[in-house]
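The figures that follow rest on heavy atoms only: side chains count, while hydrogens, waters and symmetry mates do not.
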Amino acid sequence: MIGIALFSARIVFVAVWVLLGLASVMLVFPLAGSRLRAAMTLWWSRILMVFCGVRMRVVGEPCREGPVLWAANHVSWVDIFVLNSVRPTAFIAKSDIRKWPLLGWLVAGAGTVFIERGRRHAVRAVGREMKLRFERGEVIGLFPEGTTSSGYDVAPFHSSLFDAAIRAGVDIQPVALRFFHRGQRSDVVAFVGEQTLMQNLWCLLSRTGTEVEVCFLPIMAADHCDAEGRAHIAARAHGAIRARVVEQAMAGQS
């Protein structure tokens, strides 16, 4: 009964907040400058996480100035708003997300770059869009696994979209996301398998004690990335993130 009551209260707040976000994207963003849009995105995302009952803990030093590629492991739709709570981020996301009710419309209006998987020229088109974003000094968020996981391990990275950052001469910063429930590593809010968005919302909004640790790992400098190439850089980023995720997961389960 407590879970039902908690979910019922939170889903109302979340729905209203998302609708307000959509209204802002449609009515305010077209008239606002980049600084105002960034500030609105930052604070809107932070408040959304409060309404969802998600506590955040930032570890390490995120790159807060200038263009950078944040490459992160992917556990949930929450990841987008967690990173936006640190610094407003333009994400590369599967085109399927655009079809999500409310949340899909919101992330589209906020500047997400969608990739049509399976289309021949999709990576090239996204690479051009990434170049434009980097030239504007933006941070781009990339989930190189291409899918979500339980959060206890990290699937191999696709290297193709690392190339756009390397060609643009920007730094790459690996980011490890670790989810906890009441102090213990947990996959309870992981958005995986055949689970629907509403089922995942139930898992998240009906309980307390959810926490996300956002660990910003050492930056991979642009000149080193250019010298090593995208395959090596993707492998290095994967290794750094996986070391953090797997080691801590094993420690938490021991």
With the side chain counted from C-beta on, respond yes when [X] and [Y] share a heavy-atom pair under 4.5 Å apart, and no when they do not.
X: V54; Y: F81; value: no
X: S8; Y: V12; value: no
X: L197; Y: F191; value: yes
X: T196; Y: W202; value: no
X: V78; Y: M49; value: yes

Query raised in the report: Is the CD atom of E61 crowded by more than 12 outside heavy atoms at less than 6.0 Å?
Result: no
Query raised in the report: More than 12 non-hydrogen atoms from neighbouring residues, nucleotides or ligands closer than 6.0 Å to CZ on R136, yes or no?
Result: yes
Single-linkage hydrophobic cluster [X]~[Y], side-chain heavy atoms < 4.5 angstrom:
X: V154; Y: F180; value: no
X: V212; Y: V14; value: yes
X: V50; Y: V214; value: no
X: L132; Y: V68; value: no
X: V192; Y: I80; value: no

Query - The single option from R185, R57, R55 passing salt bridge (Lys or Arg N to Asp or Glu O under 4.0 Å) against E213 - result: R57
Heavy-atom donor-acceptor pair, [X] side chain to [Y] backbone, under 3.5 Å:
X: H238; Y: I233; answer: no
X: E145; Y: H74; answer: yes
X: D171; Y: A221; answer: no
X: E138; Y: P88; answer: no

Report task. Report the relative orientation of the aromatic rings in F51 and W17; use parallel for angles under 30°, tilted for 30 to 60°, perpendicular for over 60°. Result -> perpendicular
Closest heavy-atom contact between [X] and [Y]?
X: V59; Y: R244; answer: CG1-NH2, 4.4 Å
X: V188; Y: C203; answer: O-CB, 3.6 Å
X: P174; Y: P218; answer: CD-O, 3.4 Å
X: S76; Y: N200; answer: OG-OD1, 4.1 Å
X: W77; Y: C52; answer: CH2-SG, 4.1 Å
X: V18; Y: W44; answer: CA-CZ2, 3.7 Å

